[in-house]
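None of these values were measured; they are calculated from a predicted model. Values below: all heavy atoms of this structure, side chains included; hydrogens, waters and symmetry mates excluded. Throughout, protein chains are lettered first and strands after them, A, B, ... in sequence-line order, and every chain is numbered starting at 1.
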Amino acid sequence: MSSELTRMTAAGLAAVIAAGEASAAEVTEAHLARIGAVDAQVHAFLQVAADSARAAARAVDERRAAGETLGPLAGVPLALKDVFTTEDMPTTCGSRILDGWQPPYDATVTRRLRAAGVVILGKANMDEFAMGSSTENSAFGPSHNPWDLDRVPGGSSGGSAAAVAGFEAPLGVGTDTGGSIRQPAAVCGIVGVKPTYGGSSRYGLVAFASSLDTPGPLARTVLDAALLHEAISGHDPCDSTSVDAPVPPVVAAARQADVSGLRIGVVPELGGEGYQPGVMTRFGEAIELLESLGAKIVEVSCPHFSYALPAYYLIAPSEASSNLARFDAMRYGLRVGDDGTRSAEEVMALTRAQGFGAEVKRRIMLGTYALSSGYYDAYYGKAQQVRTLIIRDFETAFEQVDVLISPTTPTTAFRIGERADDPLAMYLADLCTIPSDLAGNAALSLPCGLAPEDGLPVGLQIMAPVLADDRLYRVGGAVEAVLTERRGHPLLDEAKGLDEAKGIGHD
Amino acid sequence: MSIAREEVAHLAMLSRLALGEEELDRLAGQLDQIISAVARVQEVAADGIPPTSHAVPLVNVFRDDVVVPCLGAEKALAQAPAVEQQRFRVPRILAED
């Protein structure tokens, strides 16, 4: 039973728990056992909070025993990206500067998960302060892709994605600033969603780039992602950029899973040269599949999308250089060199030099450059104008079609170390995901097969207008249903990285 | 566009990062490469295009002026690197000269 529980979907687990066929405590134990068996290889978690997870599961069982009707995710375990504050677990953001930091309050996302009866198993690994596409920038070592342990799980939410793909948790929460949910979902063969900006709260999310940061779900099915999307979303007065509007009907849309009559646009700028052939093959098949299901496919050019990457690498570092100024060694976190001879400013500079890793330093310096007088207009100002052009491209496109599609990322999972010394090569992983971050609209990645040349998962990206998040799930649900039926099983059943490592991938 | 080594040292100072010579050398090369790449934004952003600072613009976000509990001193100081007399203890803030 224990091994069956870790293979189930979140919706399935919640149903089993609600029906009393398994207790939330048993479900949590099964996942803790799986973590114990495989996480030494995957390294999805920075901390496993076994005691508080057990307590949360017991509370769900007690509520059920008392006759309460449980919510749709009550008792379901989850891996929480270590960028969300948790009052009962340290929050490090993958950084030495916050090593062991115990936040004084819960993030809104954390609070909503607890209120939904979701069992937080622990804190998931990530690129330091969410800056990266591989988790190699974590100060505590990289996570590994369950499809092939020598490869990256993507990033920055790579720990959450690896936990879900490795059956250590049916659900994960990540954050997307330039693709940090969708890209790891794509390379791990799971579903990841960036909701509309402001649809999910940033309160208690340690800031990287405030105008872009968006919390969202990672799951093994489209329906599970929708259930989690709904659980963490909605207006939050504690976040001044939170949108005061109803959560789009994502769960109903995932169940509807119907694309007939829908107009779907293919973006020619996101594909072709520089894209791995197997990625384009699977993407082409996804287009045919959607057409066969009754969608109308048209090509829609978004001419400024090719400027999204450079604009992003000015805007995000600029905001980061300002946000990360809070790590000043005075009120919390690391302090270095406070020996009575040094000034506060010297202590600050020494602490930041020791506490931040190479990529974080690069981005702080890049942002400081882009915002400095004399360069502001030529760099940050121009990037903000490009952001307007990208929003206009989306607006024009969505006058013609209901959703846009593209590959999620130009290649499948790359090898650990392969791009570590080449920042620009690493940045290319987010080529297709960045436009939706800059424009703030909703976007989803789901697996659409394996690349023939390396047998690794390929992600299909679906992009919808602001606050039309439900369309992502309609399309995603339809694609997932057909692909699963054709294979006879979910794609993730073919992930053999853990089998090959220790013979423990399958039960 | 290229960025001079001394400019990189100045940026490190502005960023409050006490970097060693070797780290500055490495960063100078990388920043130069990245800045050359991102300068492409200048190709398309013509005058007259309004800048966007936020994807979903909201204005005048207010909430009711309701008193809610805040962090007490004990909780606020719990993670401080150094505490003295129920306050954050910090290194001296003025240089000696």
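The contact between A:Ala329 and chain B is made entirely by backbone atoms, counting heavy-atom distances below 4.5 Å. Of the two parts of B:Gln30, only the side chain, counted from C-beta on, holds a non-hydrogen atom closer than 4.5 Å to a non-hydrogen atom of chain A. Looking at A:Tyr380, neither its backbone nor its side chain comes within 4.5 Å of chain B, counting heavy atoms on both sides. Heavy atoms closer than 4.5 Å to chain B are found nowhere in A:Leu467, neither backbone nor side chain. If you measure heavy-atom distances from B:Arg26 to chain A, you find no contacts under 4.5 Å at all. Within the 4.5 angstrom heavy-atom criterion, no atom of A:Thr351 approaches chain B. Residue contact with chain B, scored on non-hydrogen atoms closer than 4.5 Å, involves the side chain of A:Ile391 exclusively. Within the 4.5 angstrom heavy-atom criterion, atoms from both the backbone and the side chain of A:Arg331 approach chain B. Both the backbone and the side chain of A:Pro104 come within less than 4.5 Å of a heavy atom of chain B. Residue A:Tyr312: no heavy atom, backbone or side chain, is found under 4.5 Å from chain B. Using a 4.5 Å cut-off between heavy atoms, B:Leu17 contacts chain A through both its backbone and its side chain. With a 4.5 Å cut-off on non-hydrogen atoms, A:Ala311 touches chain B through its backbone and its side chain both. Both the backbone and the side chain of A:Thr388 come within contact range of chain B, with heavy atoms under 4.5 Å apart. In this structure, chain B has a heavy atom under 4.5 Å from the side chain of A:Leu424, while its backbone stays farther away.
How far CZ of B:Arg16 is from CD of A:Glu346: 11.5 Å, rounded to the nearest 0.5 Å. Considering CD1 of A:Ile364 and CG of B:Leu11, their distance stands at 12.0 Å, rounded to 0.5 Å. Interatomic distance, A:Met365 CE to B:Leu24 CG, rounded to the nearest 0.5 Å: 6.5 Å. In this structure, the separation between NZ on A:Lys361 and OG on B:Ser15 is 11.5 Å, given to the nearest 0.5 Å. Atom OG of A:Ser240 sits about 11.0 Å away from atom CZ of B:Arg63, to the nearest 0.5 Å. Of the inter-residue distances, the one linking A:Lys382 atom NZ with B:Ile49 atom CD1 reads 7.5 Å to the nearest 0.5 angstrom.
With chain B as the partner, the residue from A:Leu324, A:Leu389, A:Val347 showing the most heavy-atom pairs under 4.5 Å is A:Leu389. Put simply, of A:Arg342, A:His304, A:Glu319, A:Arg392, the one with the most heavy-atom pairs under 4.5 Å next to chain B is A:Arg342. If you tally non-hydrogen atom pairs under 4.5 Å between each of A:Pro237, A:Ser306, A:Gly337 and chain B, the highest count goes to A:Ser306.
Nearest heavy-atom pair across B:Ala18 and A:Ala353 is O-CB, 3.1 Å.
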Walk me through it: do A:Arg335 and B:Val90 pass the test side-chain contact (heavy atoms from CB on, under 4.5 Å)?
CA-CA 10 Å; A:Arg335 180 183 286 183; B:Val90 301; 4.2 Å; yes
side-chain contact (heavy atoms from CB on, under 4.5 Å) between A:Tyr369 and B:Glu7, intermediate numbers included
CA-CA 9 Å; A:Tyr369 178 80; B:Glu7 202 171 359; 3.8 Å; yes
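Remark: the backbone N or O of B:Ala46 is paired with a side-chain donor or acceptor of A:Gln385 at under 3.5 angstrom.
Proximity of A:Asp338 to B:Pro81: side-chain heavy atoms (C-beta onward) are nowhere separated by under 4.5 Å. You'll find the side chain of B:Phe88 stays beyond 4.5 Å of the side chain of A:Met330, heavy atoms only.
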